[in-house]
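All remarks here apply to the structure that follows.
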Amino acid sequence: MDKRTYTALATALVATLALGVSACSRDGKTGGARPGKNPATANNGTVVGGTPQKGGTLTVLSNQDFTHLDPARNWVMGDMDFGTRLLYRTLVTYKAEPGPEGGELIPDLAQDLGTSSNGAKTWTFRLKKGLKYEDGSPVTAQDVKYNVERSFSPDLPGGPDYAARYLAGAEGYQGPAQGKHLDSIKTPDDHTIVFELRKPFAEFPYATVLPTFAPVPKDRDKGPQYDNRPFSSGPYKIESYARDKQLVLVRNTHWDPAKDHVRKAYPERIVVTMGLKANQIDDRLIASSGADASTVSWGKLRPESTPKVLTRPDVKARLLAESTNCTEMVQMHTGRAPFDDVKVRQAVQYALDREAVLTASGGPALNDPASALMPGSLFDGGKQPDTLEIPLTGDVAKAKQLLKEAGKPDGFSTSITVSNGDKGVAEAVQQSLGRAGIKVTIETVDPSAFYDTIGDTKNRTDLVYTGWCPDYPSGSTFLPFVFDGRYIKEKGNSGNHSLFRDEPTMKRMDEIAALADAKQADAAWQELDGQILAKAPTAPAVVERMPLLLGTNVAGAFGHTSFGGQIDYATIGLKNPASSSGN
């Protein structure tokens, strides 16, 4: 989700990201790309609707609640965008710009991008003075330290675990209960915070974009209930929040725009209406009549709605479709039979019909088939390699051969868990694996509960369909989080949903992480990608785009490449605020 620290590294990664989000279509036989103009991507890299005017009510239509808004638990791309752009600020953040410029870091709470010492094992950030919460009280370095510490609490699972991976003395730490604190986070005064790491981490400023590094005052913390009412250090505060129904944000009058170079806070109010049917949302935004003209969609355009949009120039002009920069995968429980057998897992890779999954996900205008684990932005040339050379429609004969070698000539039965919106994708997986004799039962889960469900490693199904997005353009923020078995949790497990524990892989990850040369490390991550793929903990499916429709009264909108293509809520607003609902 971020970028690297110093100028030379940042410039190289901006170029890489630019390549990674370029539009292309695919042929029907292999994973190779062929140039072509994608009709869905005409607005990519641009701001739609012009410059907003101050005021009005922006409405967000959603079929789901947020997974988490507590900054200690917020690790889903769209939720991170919403939380860090509207409700709380982090030490460092991204520019509010479309295209590759959006991947550049700028200071947020901090005065600069941090200062390293001790060979990049010590990082110091100095906070701007005069920052305030919604009640006018000051934001302090101690509040940032407190939220980092509370992210270790067992009752707050699911959040980013960079702190656990890198902070010195973090092993076994369980949070600030009973006054226990991390000595590796020092706050010599109210405006200075120092992080001591157990190993060099030149990319550390990119980790501080994550909500873990937002401030939470200790006296406002309510444990798991803080999810319902985060205390604002951003431009808006929560007026009301009815779970699964509606969230209403109003201005935080103590937010000072002079101390914030990212957020514009154009709307007077932001209302998130939840629990709607996805096709209902699409139809309302396509029509864009009345109050719906001042509305945006939270979730992706449904595949069946795509023709209604792409065949109408006036509607297509309101479509954003940036790449999510995320690889969607069928992840297999490698610790449970029969998926503890690599041949069974390889059979799934060969049986999977990626073309059918791509069609179920919205077709080639909104997706690219995946042929590797990491997205193309993390490879030289901005394109995934095709190391396995499996046809897009699969190779059923090869899959059956592998099952026979694994002692499963008649196949077997299993189950897959998907989010409600991915039921069509699950059916494509079910049908394609069924051709090889693998009988798949589908279990659907509400999106807001999906990650908690699949993160319960004792009770989840053998298969899950989910993906991973790099937190910034480096293999270090993809492969270790998805395939390092040392960080698997019984509950609140994130990333490694294949529960893959492979000693040679983990040893190689440590070796690459210790490399000082960024280019050498990038090449090593790319090589490791193919090595892990051959061990088949997952079957890559697609790299999706984030198709989002805007109402005709919406301005300042673009899909932010570093937030998985979600609308950047830092700059969005309305052309004519007086015509929005609530005015």
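- Annotation: side chain of Thr59 is not in contact with side chain of Ser294 (no heavy-atom distance under 4.5 Å).
- For Lys245, the NZ atom sits in a loose shell: 12 or fewer heavy atoms of surrounding residues, nucleotides or ligands are nearer than 6.0 Å.
- Taking the charged nitrogens against the carboxylate oxygens, Asp341 and Lys343 have no contact shorter than 4.0 Å, which rules out a salt bridge.
- Asn325 and Ser377 are linked by a side-chain donor-acceptor pair at a separation below 3.5 angstrom, with hydrogens and angles left out of the test.
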Dump the intermediate steps for side-chain contact (heavy atoms from CB on, under 4.5 Å) on Arg354 and Ile390, then the final yes or no. CA-CA 10 Å; Arg354 288 174 292 154; Ile390 300 174; 4.3 Å; yes

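- Using a 4.5 Å heavy-atom threshold, the side chains of Ile442 and Ser415 count as separate.
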Show the numbers, then the answer: is there a side-chain contact (heavy atoms from CB on, under 4.5 Å) between Met77 and Gln566? CA-CA 8 Å; Met77 280 292 186; Gln566 182 58 271; over 6 Å; no

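- In summary, the side chains of Glu405 and Gln401 do present a donor paired with an acceptor at a separation below 3.5 Å, with no hydrogens or angles considered.
- The shortest heavy-atom contact between Ala321 and Thr41 is O-CG2, 4.1 Å.
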Hey, mind stepping through Arg243 and Asp227 against salt bridge (Lys or Arg N to Asp or Glu O under 4.0 Å) and telling me if it holds? CA-CA 10 Å; Arg243 284 285 188 181; Asp227 221 1; 3.6 Å; yes

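- Taking 4.0 Å as the cut-off between side-chain N and carboxylate O, Asp282 and Arg302 do not count as a salt-bridged pair.
- With contacts defined as side-chain heavy-atom distances shorter than 4.5 Å, the pair Asp452/Val445 does not qualify.
- Panel note: side chain Arg545, backbone Asn367; no donor-acceptor pair is recorded below 3.5 Å.
- Gln331 places no side-chain N or O within donor-acceptor distance of the main-chain N or O of Pro537, the cut-off being under 3.5 Å.
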Check the pair Asp81, Asp568 against side-chain contact (heavy atoms from CB on, under 4.5 Å), reporting the backbone distance first and the verdict last. CA-CA 7 Å; Asp81 171 27; Asp568 190 345; 4.0 Å; yes

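- Side-chain N or O atoms of Asn74 include one that pairs as donor or acceptor with a backbone N or O of Met80 at under 3.5 Å.
- Side chains of Pro98 and His560 form no contact here, defined as non-hydrogen atoms less than 4.5 Å apart.
- A side-chain donor-acceptor contact under 3.5 Å links Gln349 to the backbone of Thr538.
- In this structure, Pro470 and Thr477 approach most closely via the heavy-atom pair CB-CG2, 3.7 Å.
- Minimum heavy-atom separation, Ala372 to Pro540: O-CB, 3.3 Å.
- Using cut-offs of 30° and 60° for the angle between ring planes, the Trp298 and Phe82 rings count as perpendicular.
- For Phe563 and Tyr569, the distance between ring centers is not under 6.0 angstrom.
- Scanning all heavy atoms of the two residues, the minimum distance from Gly424 to Ala360 falls at O-CB, 3.6 Å.
- In summary, the side chains of Thr90 and Thr84 do not present any donor paired with an acceptor at a separation below 3.5 Å, with no hydrogens or angles considered.
- Looking only at distances, a side-chain donor or acceptor of Ser474 sits under 3.5 Å from a matching main-chain atom of Ser476.
- For the pair Arg318 (side chain) and Leu549 (backbone), a donor-acceptor distance under 3.5 Å is absent.
- Lys489 NZ: more than 12 foreign heavy atoms inside a 6.0 Å radius.
- Partner of Thr417 under the side chain to side chain donor-acceptor pair (under 3.5 Å) criterion, chosen from Thr444, Asp462, Thr461: Thr461.
- Under a 3.5 Å cut-off, the side chain of Ser419 and the backbone N or O of Phe450 do not form any donor-acceptor pair.
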Under 3.5 Å donor-acceptor pairs involving side-chain atoms of residues 528-535, not counting sequence neighbours:
unit_1, atom_1, unit_2, atom_2, d
Asp529, OD1, Leu373, N, 3.3
Asp529, OD2, Leu373, N, 3.4
Asp529, OD2, Met374, N, 2.7
Lys535, NZ, Asp502, OD2, 2.8

Please walk me through it: do Val348 and Met332 pass side-chain contact (heavy atoms from CB on, under 4.5 Å)? CA-CA 9 Å; Val348 172; Met332 297 167 264; 3.7 Å; yes

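- With hydrogens and angles ignored, the 3.5 Å screen pairs no side-chain donor or acceptor of Arg312 with any backbone N or O of Ala317.
- At a threshold of 4.5 Å between non-hydrogen side-chain atoms, the residues Ile512 and Trp525 count as touching.
- Under a 3.5 Å cut-off, the side chain of Ser498 and the backbone N or O of Thr334 do not form any donor-acceptor pair.
- Taking the six-membered ring where tryptophan is involved, the planes of Phe481 and Trp468 are essentially parallel, since the angle between them stays under 30° and well short of 60°.
- Remark: the backbone N or O of Gly564 is not paired with any side-chain donor or acceptor of Thr324 at under 3.5 angstrom.
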